[in-house]
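Below is one structure; the comments refer to it alone.
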Amino acid sequence: MVEKPEKAGSAAPALVWFRDDLRLADHPALAEAVKTGRPVICLYVLDETPALRPLGAAARWWLAGSLRALSAALAKHDAALVLRRGPAIESVAKLAKESGATTVHWNRRYGPGATVDAALEQKLERQGVSVATFQANVLHEPPVPGKGGKPLMVFTPFWRTAQARGAPRAPMPAPRRIQGVKGVASDDLAGWRLEPTAPDWAAEMRGTWVRGEAGAQQRLGEFLDGELTGYATRRDRPDLPGTSRLSPHLRFGEVSPFQVWHSTQLAADVATHVATHVATHGGRAQRPRAADAEKFLSEIGWREFCYQSLHLNPDFHIRNLDRRFDRFPWRKDRKALRAWQKGMTGYPIVDAGMRQLWRTGWMHNRVRMVVASFLVKHLLIDWREGEAWFWDTLVDADPANNPASWQWVAGCGADAAPYFRVFNPAIQAEKFDPDGDYVRAFVPEARDAGGLFGRSYPAPMVDHQAARERALEAFATIKSSPAGRTD
Ligand SMILES: Cc1cc2nc3c(=O)[nH]c(=O)nc-3n(C[C@H](O)[C@H](O)[C@H](O)COP(=O)(O)OP(=O)(O)OC[C@H]3O[C@@H](n4cnc5c(N)ncnc54)[C@H](O)[C@@H]3O)c2cc1C
């Protein structure tokens, strides 16, 4: 039942449509709506139409916590988060009509989301409702073109060109006051059943993450005070707390890349200043962090690069960017896929990664590369199977980063790793988990080398050398055909 909202004064409300930007600070759409002086309706729509790739289970779990947090933050302003379910084109247009809103504000998205938004914009304009859109979720909106005007699809020139555009704008504070609108009908979040109950597979995830904007800010602060120092060297070590773990927060826009960029620069500047002071005046030495900050921000740059790919190839979670791979002789092997998903391949570093994913909804980047390479090269299973599994199990499952990274590992993506580079899992483990702490944490059967391949832990499901040769032979069958890239 839709109730008629109680109008605050006679002013028509402004509608703010939240999507992957579940925060109050550095939210230009919200800030602009508040600035109009009109009462504001804050809306989130659960749109499960196939064109938008419905969220996987772990991401739905994250979304529930993030919406709860946003709702609580708005309540402190005496404003509500209105929840609606259905195709966004209908839901947003309907609420605009019901509430008499004359403007809808949103932060722009890219890929299939942008297509939906363009159609909605037309519909709203026919209804006499204007649309105001803003850049909020990437530092550099795609396409970032090169000298010839063509979008850059090689990372290094992409990031160099993007950075040459100048420093990203400063982040905005959260609005001091939001004048909400009372009485707008809303779904009940619990009714969406975003979180598991029986079985409750999210218990360990709840203990690992603090969903929502405050959790994101806390994580960012801790990272800048802690793991940022040494990031450039420690980021490849899954056995150490060496990275930011901001990915799900960035995925759902609980923190913006502008906030991350500026606070990282500030932390690096402060550290350099302290180091100079120590060198001049003595005292406890603190390492300057310029190289760490630069490396960390280049990872934010990879995120931007993935969004450029998504913008240019909205269907790239199902389509090889290098069309030679359309003829790749993938093997269909449900049993092998299952063993990989369950972390029972007999390769401890692969299994540790897959179990970390299952238990916590996240996996370290180095191990993501190892497990993805294993699926695609050792098992010769189509990368799309792995991408789909990650989509369902990652709390940071991202429409740009996930397909881009899978295509990168498989060798068919933009600026991809060459197919013939086949990771040796044992060497990867030796290099990046030298004491075996990471493997031990997730594959306790691996406690002592003698008992490694005991009753409860399988022997390696494929021989590394034989698998490598098989992968190279498979690649040879497509290598010579024209690349036929479409990007
Ligand atoms: C097969 C595969 C699948 C992946 N799927 C996803 C995904 O669905 N969602 C996702 O956010 N990342 C994905 N990544 C990229 C990367 O593994 C994660 O972003 C990173 O591990 C998250 O941890 P962090 O926040 O501690 O990263 P940090 O090292 O602290 O990096 C900071 C931020 O930069 C971005 N970032 C870092 N590395 C990359 C990268 N290689 N590509 C794009 N952005 C990056 C992320 O937003 C990350 O939060 C995938 C990588 C691989 C190899």
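Position 1 is the first residue of the sequence, and the numbers go up from there. Only a predicted model underlies this, so the values are computations on that prediction, with no experimental measurement involved. Both ligands and their constituent atoms are indexed starting at 1 by order of listing.
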With no hydrogens and no angle check, is any side-chain donor or acceptor of Lys150 less than 3.5 Å from a backbone partner on Pro145?
-> no
Protein neighbours of ligand 1 with a heavy atom under 4.0 Å, given by chain and number, are Tyr231, Thr243, Ser244, Arg245, Leu246, Ser247, Leu250, Phe296, Glu299, Ile300, Trp302, Arg303, Cys306, Trp362, Met363, Asn365, Arg368, Met369, Ala372, Phe390, Leu394, Asp396, Ala397, Asp398, Asn401, Asn402, Ser405, Trp406
Residue pairs involving residues 199-215 (criterion side-chain hydrogen bond (donor to acceptor under 3.5 Å, both in side chains); sequence neighbours excluded) | Glu195-Arg211, Asp200-Arg206, Glu204-Arg359
With a cut-off of under 6.0 Å to the ring centre and 45° to the axis, is Arg108 in cation-pi contact with Trp106?
-> no
How are the rings of His311 and Tyr110 set to each other: parallel, tilted or perpendicular (split at 30° and 60°)?
-> perpendicular
For Glu304 and Gln308, does a side-chain donor sit closer than 3.5 Å to a side-chain acceptor?
-> no
Whether Trp159 and Phe155 hold their rings parallel, tilted or perpendicular, with breakpoints at 30° and 60° = parallel
